[in-house]
2 protein chains.
Amino acid sequence: MPTRSAREPERPAKSFRQAQFERREQAILDATNRLLAEKGYEPMAMDDIAAEVGIAKGSLYKHFASKEALAAAVMIRLLRRTREALDALPAEAPAADRLRAMLEWTLRERLDGGVPHLPSTSATLRDALLANREYVDELMALSEMLGDLVRQARSDGALSGDFADEFVLYHFYARACDPTLDFLKAGGALTDDQIVAQMVRAAFDGITR
Amino acid sequence: MPTRSAREPERPAKSFRQAQFERREQAILDATNRLLAEKGYEPMAMDDIAAEVGIAKGSLYKHFASKEALAAAVMIRLLRRTREALDALPAEAPAADRLRAMLEWTLRERLDGGVPHLPSTSATLRDALLANREYVDELMALSEMLGDLVRQARSDGALSGDFADEFVLYHFYARACDPTLDFLKAGGALTDDQIVAQMVRAAFDGITR
DNA sequence: GTCTATAGTCTGATAGAC
DNA sequence: GTCTATCAGACTATAGAC
């Protein structure tokens with residue numbers, strides 16, 4: 001019997017079945033993410049997901065208890081990635097610049113096709129998400145971080161005085177999900193870089209001279 | 001036989017039945033408008049509308065061939081009212097001011113609860129609307145008028161130079177439907193006037209100092 | 001395969017316009 | 001009094017979660 005290499009853990013290796021199971025779960029999440037971005041929540045049928053992954057519909061329910069739970073898992077993964085992107089920004093940069101950078105990051109993610117049409121597409125999904133502890137925790141953590149940036153930007157004197165902090169935060173979220181991006185992309189008259197630049201500028205500096 | 005007064009038309013007066021029919025049609029449109037604004041397209045069942053109006057479901061189909069046709073009629077009425085509001089603005093005002101005024105008008109309409117969650121809520125509805133000649137004509141007429149205002153604002157030198165006209169128009173539509181309004185309204189921290197003022201200002205002048 | 005939801009249809013009964 | 005529009009609601013068909 002050959003000795004295990006140092007790379008292999010002492011505890012019994014995950015069984016092949018187990019590894020397959022986890023790979024399939026990632027594949028399901030990826031497919032769902034793609035379909036959510038493409039069609040939105042309600043139009044996306046569980047059959048679509050099964051077909052995309054290439055597994056039986058019933059198998060989906062071995063991984064996720066319901067369509068809502070599956071969508072929630074996708075959204076939680078997205079919030080985590082967003083939070084990581086925010087953490088990766090240089091801490092010494094002015095708060096306003098970091099907010100700009102986050103908006104730009106999000107818009108580029110969307111242009112690359114990776115971001116599901118926001119919960120706003122479906123009241124059912126929104127309610128399910130707000131009932132999901134893990135999702136709400138992630139969302140609150142992200143909102144805390146963004147809220148800190150807003151307050152910091154204000155004390156830096158970077159914001160116009162009469163906007164409520166609450167307003168600035170909602171404004172940021174709404175610009176991150178702005179449908180203008182999809183229309184411009186579909187219109188095809190502007191490059192991705194132009195779309196991102198104009199949207200970021202409009203969000204922070206307005207469109208008037 | 002008494003002579004008809006001058007106020008009465010020669011042709012036979014509309015029968016009572018006919019008048020009832022038309023009143024009911026308005027009631028159906030009003031109820032649908034309200035329900036669309038409250039729940040969105042798919043969650044709104046025809047039974048809901050019938051119940052809201054207080055008529056039998058079958059009677060709905062005496063007025064509108066389908067759920068899609070009914071929703072389209074509501075949206076067309078909304079576009080007409082919007083165009084009338086635009087026509088009512090003083091023609092001598094600068095184009096940029098008229099755009100601001102239109103955005104303010106729309107946001108106030110939404111705060112008053114009268115505007116259906118945009119077509120974006122449902123791909124089905126969006127497709128049905130785009131296949132509806134009357135709707136598309138109204139939408140194009142409105143877009144023409146707004147596009148004219150944008151071009152005029154640009155030649156007035158009111159817009160920042162590097163925004164595409166196309167971008168400015170989409171930006172305007174997106175701000176008119178901005179979910180920020182609903183969040184702020186639900187939050188309750190700001191008055192309606194504050195919400196409108198901050199949103200209009202953010203849309204045109206940005207949030208940075 | 002089962003079950004639920006809902007668009008859309010149909011029918012017999014009935015109120016009320018004519 | 002006659003007749004027609006409307007009513008209540010059963011029913012069909014379909015889609016989609018599970």
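Here is the naming used below: chain letters follow the sequence lines, and residue numbers restart at 1 for every chain.
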Rounded distance (Å) that lies between atom [atom2] of [N] and atom [atom1] of [X]:
X: B/His63; N: D/dA5; atom1: NE2; atom2: C1'; answer: 10 Å
X: B/Glu42; N: D/dA15; atom1: CD; atom2: P; answer: 14 Å
X: B/Leu60; N: D/dG9; atom1: CG; atom2: C1'; answer: 14 Å
X: B/Tyr41; N: C/dT6; atom1: OH; atom2: P; answer: 13 Å
X: B/Gln18; N: C/dC18; atom1: CD; atom2: C1'; answer: 15 Å
X: B/Leu125; N: C/dT6; atom1: CG; atom2: C1'; answer: 17 Å
X: B/Arg23; N: C/dA17; atom1: CZ; atom2: P; answer: 11 Å
X: A/Ile49; N: D/dC18; atom1: CD1; atom2: C1'; answer: 13 Å

- Sub-6.0 Å ring centroid separation between B/Phe21 and B/His63: yes
- Task: On DNA chain D, check which nucleotide each of A/Met44 and B/Phe21 is closest to and give me the residue with the more 5' one.
- Result: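 Looking at DNA chain D, the more 5' nearest nucleotide goes with B/Phe21.
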- Message: Taking the nucleotide of DNA chain D with the nearest heavy atom to each, does A/Ala45 or B/Lys62 sit closer to the 5' end?
- Response: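 Its nucleotide being nearer the 5' end, the pick is B/Lys62.
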- Query: Looking for any heavy atom pair under 4.0 Å, which part of the strands does B/Ile55 touch: base, sugar-phosphate only, or nothing?
  - Reply: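 Contact class for B/Ile55: sugar-phosphate only.
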- Residue B/Tyr61, side-chain heavy atoms: nucleotide from D/dA17, C/dG8, D/dC7 that is nearest: C/dG8
- Candidate nucleotides C/dA7, D/dA8, D/dA17, ranked by approach to the side chain of B/Lys57 - the nearest: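 Of the options given, the side chain of B/Lys57 lies nearest C/dA7.
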- Message: Assess the residue pair B/Arg23 and B/Gln20 against the criterion (side-chain hydrogen bond (donor to acceptor under 3.5 Å, both in side chains)); give the C-alpha distance rounded to whole Å, side-chain angles, the decisive distance to 0.1 Å, and a yes or no.
- Response: CA-CA 5 Å; B/Arg23 260 194 297 280; B/Gln20 280 290 47; 3.2 Å; yes
- Message: For the backbone of A/Phe204 and the side chain of A/Arg100, can you confirm whether one donor and one acceptor N or O come within less than 3.5 Å of each other?
- Response: no
- Message: For a quick check under 3.5 Å, do A/Gln194 and A/Gln198 share a side-chain donor-acceptor pair by atom type?
- Response: no
- Query: Do the side-chain N and O atoms of B/Thr191 and B/Asp193 include a donor-acceptor pair separated by under 3.5 angstrom?
  - Reply: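 No, no side-chain donor-acceptor pair sits under 3.5 Å.
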- Task: Starting from the 5' end of DNA chain C, give me the residue, B/Gln20 or B/Asp47, whose nearest nucleotide shows up first.
- Result: B/Asp47
